[in-house]
Amino acid sequence: MVFPESKMPGVCWVFLLLLLFAHICDGFYLPGSYMHTYSTEDTIFAKVNSLTSIETELPFSYYSLPYCKPLGGVKKSAENLGELLMGDQIDNSPYRFRMNVNESLYLCTTSLLNEHEVKLLKQRTRDLYQVNMILDNLPVMRIAKQNGVNIQWTGFPVGYSPPNSNDDYIINHLKFKVLVHEYEGSGVEIIGTGEDGMAVFPKADKKKASGFEIVGFEVVPCSIKYDPEAMTKLHMYDKVSSVNCPLGLDKSQIIRERERISFTYEVEFVKSDIRWPSRWDAYLKMEGARVHWFSILNSLMVITFLAGIVFVIFLRTVRRDLTRYEELDKEAQAQMNEELSGWKLVVGDVFREPDCPKLLCVMIGDGVQIMGMAAVTIVFAAFGFMSPASRGMLLTGMIILYLFLGIVAGYVAVRLWRTLKGTSEGWRSVSWSVACFFPGIVFVILTVLNFILWGSKSTGAIPISLYFVLLSLWFCISVPLTLIGGFIGTRAEAIQYPVRTNQIPREIPARKYPSWLLVLGAGTLPFGTLFIELFFILSSIWLGRFYYVFGFLLIVLLLLIIVCAEVSVVLTYMHLCVEDWRWWWKAFFASGSVSLYVFLYSINYLVFDLQSLSGPVSAILYLGYSMIMAIAIMLSTGTIGFITSFYFVHYLFSSIKID
C-alpha cells in the first residue's frame, strides 16, 4: 500500500517508527524514494523540471521554449506544497528510455523559428539557463572539465555562446548514459520515502522486486546542424545514426530566424557496482569538503572556548556577590547598599513592566514557534527523514510543523502576558497578534515578490489557487491552534516575581556610551557560530547545490542556542550592574542582533559571491528572501536570549535576602 507522502508526512513517519521497533522487517533503507526495479526493455519516460539560472534566479517552464512535446500532450506531475513554493514545475517529456536498450533516436523538428522564439532562446542561452531533467527521481548530471578538474553539475545548458562571437548555438542532441545495477532480491525488505510515498516489499514479493535499478543518470550535451528536409521525413522515435561530441561551430545548430531545429538523443545503459541506497552520493559530494569540515570544527571549538570562559567567570562573579551579600547582617547590608552600586540596587525595579509589553509577548511567541519548527526539522533531516530525493519535502515539513506549533506559541505568549500584567484580560488580542505577526510579514513580502515574478512570467510565481490554500492553512489551522494555546495559557499559573516592584521608578545613571551599542555588538558572537554554515546554505539555495550535512547543522544549532543564551545573560547582568533595570528588550536583542549580521552577510554574499546575478529583479528577489530569513532568525534567537535572561534574573533576585 502506498500513502501519498505530501499529504500525510506525519503518518508516514509514525508508521516507519512502528515498523522499526516492531522488528517487522529484516532491514530497512532510509532515506530515498521507493525503489523501482525494471526488466529488460521496460519503458521509462524522463520528466523535465523548470529551467533555472544562477544569473537571474527566475525559473521558467521547460515548454516556454520551442522544445519537442510528448505525443499525448504535456501533463503536469503531482507536486507537493514545497515544490510549488520553490517554483518547481515538473512535466512529462518525450524522452523515452528502454531498459538495457542502447539506441539513438529522433524526436522532432520545429517549425521555422520566428523573431519571438529566437529572442527567447538567445536570452535564455546568455542568461545561462539550465535544463533540469529527471529519470527515476534522479536529476541528470553533467560532468565538465575546468583546468583539468572534473566538476559535476545538475542539468545541462539551453545553449552556448562562443567567446568573441555574437552568435548563439542551441543544444539539440543529448548523449545519455544510464547507470544500472542488477538487483536480485537479497532477503532484505525495502522501506523507502520519496515522491512516490512509502512502500514495503513483503518477503513474498522478493522475486517480483528482482530486476535492474537506475543508479546514475548522466548527459553529454551537443549542438548538431541537421538537414531539416531529411529530418522532417522521420517520425518520433525513428532511429538515427550516432554522433561524436563535440563538433566544430560550422557543424553546430545556430539560433536565428527562419531556422528549423531538429532534436535527437542517444541512450547508453552501463552496468554499475553502485547500489541503489548509494546512488545519491555523487550528488551530495560538496566541493571544498575539507574547508567545510575544518572551518566548522574550528568555529565550534573557538566559540565554545570563548563562551565557556565568559560563562565560568560570570558564574564565579555572581556567586561571590551573592555569598558576600548574604553573609552580612541587615545593618551591614544597608551600609553596603549606600556605599556600593550594582544589580542589588535595582531590586525594586527589575521586574517593572517593559515598554510595549504586548509586542514583546507576540515576538516571544512567534520566536518559540520558529525555533521549534527549525529544531524539529533539522533533527528529522539529520536522521535521514528529509531525503533529497523528495523534492519539496523539507519545505512542506517546515510549514506543517509551523502550523501545529501555533498552540505552543499561543501558550507561551499569553502566559508571559499574564506574568507581565497580572491578569488574563486581553489574551485574545495577544493570541491573534501571535498568529498574524510573523506570517503577516512573510505574506506581505511574498506578495510583493510574487507580483514581480508574475510580471516576469516565471514559474516561481505562486499561483492564485496556492494563495488560497496557504490562507486556508493559516486561518483554519494556525490561528485556531494559537487561540487554543492562548486559552490554555490563561489557565496556567502566572510566574510569580520573587520581589515587589516600587511605585516610583529608580533613576538610571547616565552612561558614557549608549547601551544599545553593546547590545548590537553582542550579536557578533552568535554570528561566529553560524557564518560558515550560512555560506553553504546560501550556496545551496542560490547556486543550485545540494545541502545534506544536516548532522553538522544540528551541532551548529545546538551551539547557537547555547551561545545566544550565554551572551544574553552576560549582557543582562552587565546592565543590571550599572543600575539599568530596563533589561527586557535588551535581553531580546542581545542575541537577536545576530540577524543584523546575517542580513549584512547576505548582502556581502550577493556582491562578492553572486557576481553573476544580473538585473534588479533578481537582486530584489534575493534581498526579499534574505529579509524573511533575517526576521525569522531575529525572533528565534531573541526568544532564546530573553527566556534565558528572564529565568536568570528570576533566580538571581530570589536568592538574595529582602527585608
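Remember, predicted model here, so these are calculated numbers, not experimental data.
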Test side-chain contact (heavy atoms from CB on, under 4.5 Å) applied to T56 and Y129, step by step
CA-CA 9 Å; T56 66; Y129 269 87; 2.6 Å; yes
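- Atom CZ of F451 has 12 or fewer heavy atoms from other residues, nucleotides or ligands within 6.0 Å.
- By the 4.5 Å heavy-atom criterion applied to side chains, K421 and P357 are counted as neighbours.
- Atom CH2 of W474 has more than 12 neighbouring heavy atoms from other residues, nucleotides or ligands inside a 6.0 Å radius.
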Side chains of residues 403-419: which donor-acceptor partners sit under 3.5 Å, not counting sequence neighbours?
from, atom 1, to, atom 2, distance (Å)
R415, NE, E493, O, 2.9
R415, NH2, E493, O, 2.9
W417, NE1, E425, O, 2.9
R418, NE, S424, OG, 3.0
R418, NH1, T490, O, 2.9
R418, NH1, A492, O, 2.1
T419, OG1, R415, O, 2.9
T419, OG1, I495, N, 3.3

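- Side-chain atoms of Q369 come within 3.5 Å of backbone N or O of Y402 as a donor-acceptor pair.
- Not a single donor-acceptor pair under 3.5 Å links the side chain of N132 to the backbone N or O of N49.
- A 4.5 Å side-chain heavy-atom check between F648 and Y573 finds at least one atom pair inside the cut-off.
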Does L576 form a side-chain contact (heavy atoms from CB on, under 4.5 Å) with V649? I'd like the steps, not just the answer.
CA-CA 9 Å; L576 293 178; V649 172; 4.1 Å; yes
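- Formation of a donor-acceptor pair under 3.5 Å by the S50 side chain with backbone atoms of Q89 is found in this model.
- Between M629 and F599 the shortest side-chain heavy-atom distance does not fall below 4.5 Å.
- By the 4.5 Å heavy-atom criterion applied to side chains, I537 and L530 are not counted as neighbours.
- A heavy-atom distance below 4.5 Å is found between the side chains of M371 and I561.
- By the ring pair (Phe, Tyr, Trp, His ring centres under 6.0 Å) test, Y467 is found to be paired with F443, residues two or more places apart in sequence or in another chain being considered.
- The ring pair (Phe, Tyr, Trp, His ring centres under 6.0 Å) search around F438 returns none, not counting sequence neighbours.
- Within the 4.5 Å cutoff, no side-chain heavy atoms of W542 are placed close to those of I54.
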Only pairs under 3.5 Å count here: list side-chain donor-acceptor contacts from residues 633-643, not counting sequence neighbours, and write none if there are none.
from, atom 1, to, atom 2, distance (Å)
S636, OG, A632, O, 2.9
S636, OG, I633, O, 3.1
T637, OG1, S591, O, 3.4
T637, OG1, I633, O, 2.6
T639, OG1, L635, O, 2.6

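- Classification of the F535-Y605 ring pair by plane angle, with boundaries at 30° and 60°, yields perpendicular.
- The aromatic rings of H650 and F351 sit perpendicular, their planes meeting at an angle over 60°, well past the 30° parallel limit.
- Put simply, the side chain of W585 reaches to within 4.5 Å of the side chain of L359, judged on heavy atoms.
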Side-chain donor-acceptor distances from residues 619-627 under 3.5 Å, at least two apart:
from, atom 1, to, atom 2, distance (Å)
Y622, OH, S602, O, 2.5
S626, OG, Y622, O, 2.8

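- Every residue meeting the side chain to side chain contact (heavy atoms under 4.5 Å, CB included) condition with A435, not counting sequence neighbours, appears here in chain and number order: V479, T482.
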Please report the C-alpha distance between T396 and I400 in whole Å, then the side-chain angles of each, then the deciding distance to 0.1 Å, and finally whether the side-chain contact (heavy atoms from CB on, under 4.5 Å) criterion is met.
CA-CA 6 Å; T396 304; I400 292 171; 4.0 Å; yes
